[in-house]
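Working notes, structure below.
Read the numbers this way: they start at 1 and go in the same order the structure lists the ligands and their atoms.
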Amino acid sequence: MPDRFDVIIIGTGAGGGTLARTLAPSGKRILLLERGDYLPREMENWNPAAVFIDGRYISPDTWYDEDGNAFQPQVHYFVGGATKLYGAALYRLRPQDFGELKHVDGIAPAWPLTYEDFEPYYTKAEWLYEVRGKHGEDPTEGPWSKQYPWPAVSHEPRIQQLADDLVKAGYHPFSAPCGIALDEAKRPASLCIRCTWCDGYPCLVHAKSDAETMGVRPALEHDNVTLLTNAQVLRLETDPGGRTVTGVVTAHDGADERFEADVVVVSAGATNSAKLLLASANDAHPNGLANGSDQVGRNYMYHNSKAVVALSKERNDTLFQKTLALNDFYFGADGYAWPVGNIQMVGKSNAEAMKGEEPELTKLAPHRTLDEVAHHAVDFWLTTEDLPLPENRITLDKSGNVHLAYKSSNDEEADRLYHELRTILNHVGMAEHHVLDKNFYMSMDIPVAGVAHQAGTCRFGLDPATSVLDVNCKAHELDNLYVVDTSFFPSIGAVNPALTAIANAIRVGEHLAERLG
Ligand SMILES: Cc1cc2nc3c(=O)[nH]c(=O)nc-3n(C[C@H](O)[C@H](O)[C@H](O)COP(=O)(O)OP(=O)(O)OC[C@H]3O[C@@H](n4cnc5c(N)ncnc54)[C@H](O)[C@@H]3O)c2cc1C
């Protein structure tokens, strides 16, 4: 295998996998370095006990909170990264999210690009990941140049009833955008079997649009693309002046290997990308690579989220529940001026998931009782924007271990969103006293461990004094180093981050194709 390439991409998740697919047709020699392996296709993929109780697909890693307590972060080191387990809810940010947005606890800063700049890439991302949805239903969405490639996934009966009840009560529910290969018109020929196991599970039949199926595998059909799995990048080397990355030092097969490329892209996820830059400190970059601004690792965000289970009197036999969402409170609520957030459905509860999420509280409950509770459960996911606080940050100790300091923000807005959901439930026949705060039985003892939506640790911007990356996601301080994953977010909005990471990877991919000629 050669050790010199045109481009090296470190990590194969939403950022790296999509970038590889975008660059593959260029014919440039591309090396993908992925610390994990392919996620095995096995029956355990769809086994709630294996996924939630045994944590079979959570990769072993130890991080430390700001008090030095060790925890296991919910990270997934596989080809495809976190998208192998994600719910494939693929939302665009609102146009206002790209501007400065005032919140109760401070300001979500403006991006150096506008929604209009991103719109063409959102459209490309929706088509690349074959998203099902319906533009035009959500009153808060921005302009769109092209409808989704596929119609929205239809609601199952209990969710259709919820949608109808919401409309009757004056709300504006819309079809949630989903990246799954479900062609309802052509069933049973379609790949997706519309099961309960999507959100939080790997897809056994590869019907989920994740970064492996939509990014890496199609990229590897090009001879110029090489993937090395079980290859963990340890550090980046530079020339003495510090302007150029000259070597990518990688642990592979029990030995260190060194690769070179004209362009090096770090796509290891918000925490691990910051870790890699910090671990690559040298004489020219004593605080970490590209870190003259002291912003690498700072401004960590992961949403102020809450999962809520409402118990409905009717049974809820829905399999694929994530078809409905509501943005009525995205920018405020009656008598409340601050942004509040997004409400969406989450994967359907089951007894094993409840046990896995809160083993202590459910230990004594008979399985039949939990099963009965789950049959009546209607599950919601509430998301409020958290702020990029500089003190919320990744640092490394002398041994290179990750320390993650995080304090939540906009708790008042999150409480308001919960209040709005409870009010809604009164209007749709799921009375308040039937609401269980899922945190009550979820394993939330170490909240920082829920790193699914991690973002912001190498933000892009116009000013090298306050940002790590320029508008093309190239490090201000180096000529051939890029960061292409959720690290670049200057603020996170209140919708799931993956589509924005995918759209950005396409945008930077097109820039790189032009740069490389
Ligand atoms: C359970 C779950 C559900 C989610 N649901 C949704 C959803 O419905 N919608 C949504 O928008 N988002 C969702 N997300 C979040 C979404 O998956 C992430 O935002 C997205 O995958 C981030 O992309 P990324 O490229 O930044 O990082 P990742 O996708 O995590 O990719 C990083 C890659 O880098 C590799 N890597 C790390 N360090 C190194 C190293 N040193 N050397 C080599 N390789 C390395 C990792 O193994 C990984 O493959 C969910 C996440 C989880 C965990």
Side-chain angles (χ1 to χ4, degrees), residues 8-19 32-39 51-52 57-59 61 73-93 125 129 131 176-180 198-202 208-212 215-216 227-236 248-252 265-277 279-280 301-303 305 322 325 344-347 381 383 400 402 450-458 483-489 492-493 495-505:
I8 289 176
I9 302 173
I10 301 162
T12 58
T18 308
L19 179 66
L32 284 167
L33 295 171
E34 168 55 54
R35 73 183 283 174
D37 211 328
Y38 283 101
L39 192 147
V51 173
F52 285 97
Y57 303 110
I58 300 180
S59 305
D61 214 349
Q74 288 183 353
V75 288
H76 308 286
Y77 298 146
F78 295 106
V79 174
T83 68
K84 288 308 295 173
L85 278 294
Y86 82 161
L90 292 172
Y91 290 82
R92 298 179 178 206
L93 289 169
Y129 275 64
V131 182
C178 305
I180 57 167
C198 194
D199 197 5
Y201 298 82
K208 183 154 70 178
S209 299
D210 60 39
E212 178 195 353
V216 178
L227 167 67
L228 208 58
T229 55
N230 302 305
Q232 181 180 357
V233 176
L234 303 174
R235 65 180 183 281
L236 305 178
V248 176
V249 180
T250 306
H252 180 242
V265 183
V266 180
S267 301
T271 300
N272 282 307
S273 287
K275 176 185 176 183
L276 184 56
L277 297 189
S280 303
M301 298 166 280
Y302 81 128
H303 279 140
S305 298
K322 293 172 62 94
Q344 60 185 270
M345 310 306 296
V346 71
W381 184 259
T383 305
V402 169
V451 299
H453 288 189
Q454 56 183 291
T457 53
C458 300
V483 180
V484 180
D485 54 23
T486 55
S487 306
F488 86 104
F489 284 44
I492 194 171
V495 288
N496 320 45
L499 189 77
T500 301
I502 291 165
N504 187 56

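Contact annotation: the side chain of L85 approaches that of P202 to within less than 4.5 Å [non-hydrogen atoms, C-beta and beyond]. Taking the side chain as every heavy atom from C-beta outward, L499 and R92 approach each other to under 4.5 Å. Within the 4.5 Å cutoff, the side chain of L227 has heavy atoms near those of the V79 side chain. Contact check for Q454 versus V75: side-chain heavy atoms found under the 4.5 Å cut-off. A 4.5 Å side-chain heavy-atom check between I10 and L236 finds at least one atom pair inside the cut-off. Side-chain contact between Y57 and V51 is present, with heavy atoms from C-beta onward closer than 4.5 Å. Contact of the Q232 side chain with the Y77 side chain is not registered, since no non-hydrogen atoms from C-beta on lie closer than 4.5 Å. Looking only at side-chain heavy atoms (C-beta outward), L277 and C458 come within less than 4.5 Å of each other.
Remark: the N496 side chain and the Y86 side chain contain no N/O donor-acceptor pair separated by less than 3.5 Å.
For atom 24 (P) of ligand 1, the closest non-hydrogen atom of the protein is D485 CB, 3.7 Å. Of the protein's non-hydrogen atoms, A268 O, 3.3 Å is the one closest to atom 37 (C) of ligand 1. Of the protein's heavy atoms, N496 CB, 3.2 Å lies nearest to atom 10 (C) of ligand 1. Of the protein's heavy atoms, E34 OE2, 3.5 Å lies nearest to atom 46 (C) of ligand 1. Among all protein heavy atoms, the one lying closest to atom 31 (O) of ligand 1 is G13 CA, 3.3 Å. Protein heavy atom closest to atom 22 (C) of ligand 1, with residue, atom name and distance, is T486 CG2, 3.8 Å. Nearest protein heavy-atom neighbour of atom 50 (C) of ligand 1: Y86 CB, 3.4 Å. Protein heavy atom in closest approach to atom 44 (N) of ligand 1: R35 N, 3.1 Å.
Within the 3.5 Å criterion, the main-chain N or O of V495 finds no donor-acceptor partner in the side chain of T383. With H303 contributing its side chain and G493 its backbone, the two residues share a donor-acceptor pair below 3.5 Å. Under a 3.5 Å cut-off, the side chain of T457 and the backbone N or O of S487 do not form any donor-acceptor pair. Of the possible donor and acceptor atoms, one in the side chain of K208 sits under 3.5 Å from a partner among the backbone N and O of C198.
Within the structure, ligand 1 has L85 among the residues with a heavy atom less than 4.0 angstrom away. Under the 4.0 angstrom criterion for non-hydrogen atoms, Q74 is not in contact with ligand 1. Within the structure, ligand 1 lacks A505 among the residues with a heavy atom less than 4.0 angstrom away. Assignment of P497 to the shell around ligand 1 is supported, since a heavy atom sits closer than 4.0 Å.
Remark: ligand 1 atoms within the under-4.0 Å shell around heavy atoms of T83 are 17 (O), 21 (O). Distances below 4.0 Å separate heavy atoms of G11 from the following atoms of ligand 1: 33 (C), 34 (O), 35 (C), 44 (N). Residue I10 has at least one heavy-atom neighbour below 4.0 Å for each of these atoms of ligand 1: 42 (N), 43 (C). Distances below 4.0 Å separate heavy atoms of F78 from the following atoms of ligand 1: 47 (O), 49 (O). Residue Y77 approaches ligand 1 through these ligand atoms, each under 4.0 Å from one of its heavy atoms: 46 (C), 47 (O). Counting atoms of ligand 1 from 1 in the listed order, those under 4.0 Å from a heavy atom of H76 are 53 (C). Contact atoms of ligand 1 toward L33: 43 (C), 44 (N) (distance under 4.0 Å to a heavy atom of the residue). Atom numbering of ligand 1 starts at 1 in the shown order; those under 4.0 Å from a heavy atom of G15 are 25 (O).
Taking each heavy atom of A14 and A501 in turn, the nearest pair found is CB-CB, 4.3 Å.
Between Q232 and ligand 1, not a single N/O pair is under 3.5 Å apart. Residue contacts with ligand 1: A89 is placed with a nitrogen or oxygen under 3.5 Å of a nitrogen or oxygen of the ligand (distance criterion only). The shortest N or O to N or O distance between A270 and ligand 1 is not below 3.5 Å. Some N or O of A498 is nearer than 3.5 Å to an N or O of ligand 1, by distance alone. Remark: ligand 1 and V484 share no N or O pair separated by less than 3.5 Å (distance only, no angle test). When only interatomic distances are considered, the shortest N/O to N/O separation between G87 and ligand 1 falls below 3.5 Å. Of the polar atoms of A82, at least one N or O is found under 3.5 Å from an N or O of ligand 1, judged by distance alone.
Counting heavy atoms closer than 4.0 Å to ligand 1, residue S59 contributes nothing at all. With a heavy-atom cut-off of 4.0 Å, T250 does not touch ligand 1 at all. Only the side chain of N272 comes within contact range of ligand 1, with a heavy atom under 4.0 Å; no backbone atom does. Counting heavy atoms closer than 4.0 Å to ligand 1, residue Y91 contributes nothing at all. Only the backbone of A88 comes within contact range of ligand 1, with a heavy atom under 4.0 Å; no side-chain atom does. By the criterion of a heavy-atom distance under 4.0 Å, the backbone of S267, and not its side chain, is placed next to ligand 1.
Note: N230 CG to L33 CG = 11.5 Å, rounded to the nearest 0.5 Å. Note that NZ of K275 and CG of L234 are 8.5 Å apart. Values are rounded to the nearest 0.5 Å.
Results of the side chain to side chain donor-acceptor pair (under 3.5 Å) test with T12 over R35, E34, K84 single out E34 as the only residue that passes.
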CA sep, side-chain torsions, deciding dist, call: Y38, E212, side-chain contact (heavy atoms from CB on, under 4.5 Å)
CA-CA 9 Å; Y38 283 101; E212 178 195 353; 3.4 Å; yes

Would L90 and I502 count as a side-chain contact (heavy atoms from CB on, under 4.5 Å) here? Give the steps.
CA-CA 10 Å; L90 292 172; I502 291 165; 4.3 Å; yes

Test side-chain contact (heavy atoms from CB on, under 4.5 Å) on D199 and W381; report intermediate values, then the result.
CA-CA 12 Å; D199 197 5; W381 184 259; over 6 Å; no

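Checking A452, A501, A14 against atom 18 (C) of ligand 1, the nearest heavy atom belongs to A452. Here atom 42 (N) of ligand 1 lies nearest to V233 when heavy atoms of V233, D199, I502 are compared.
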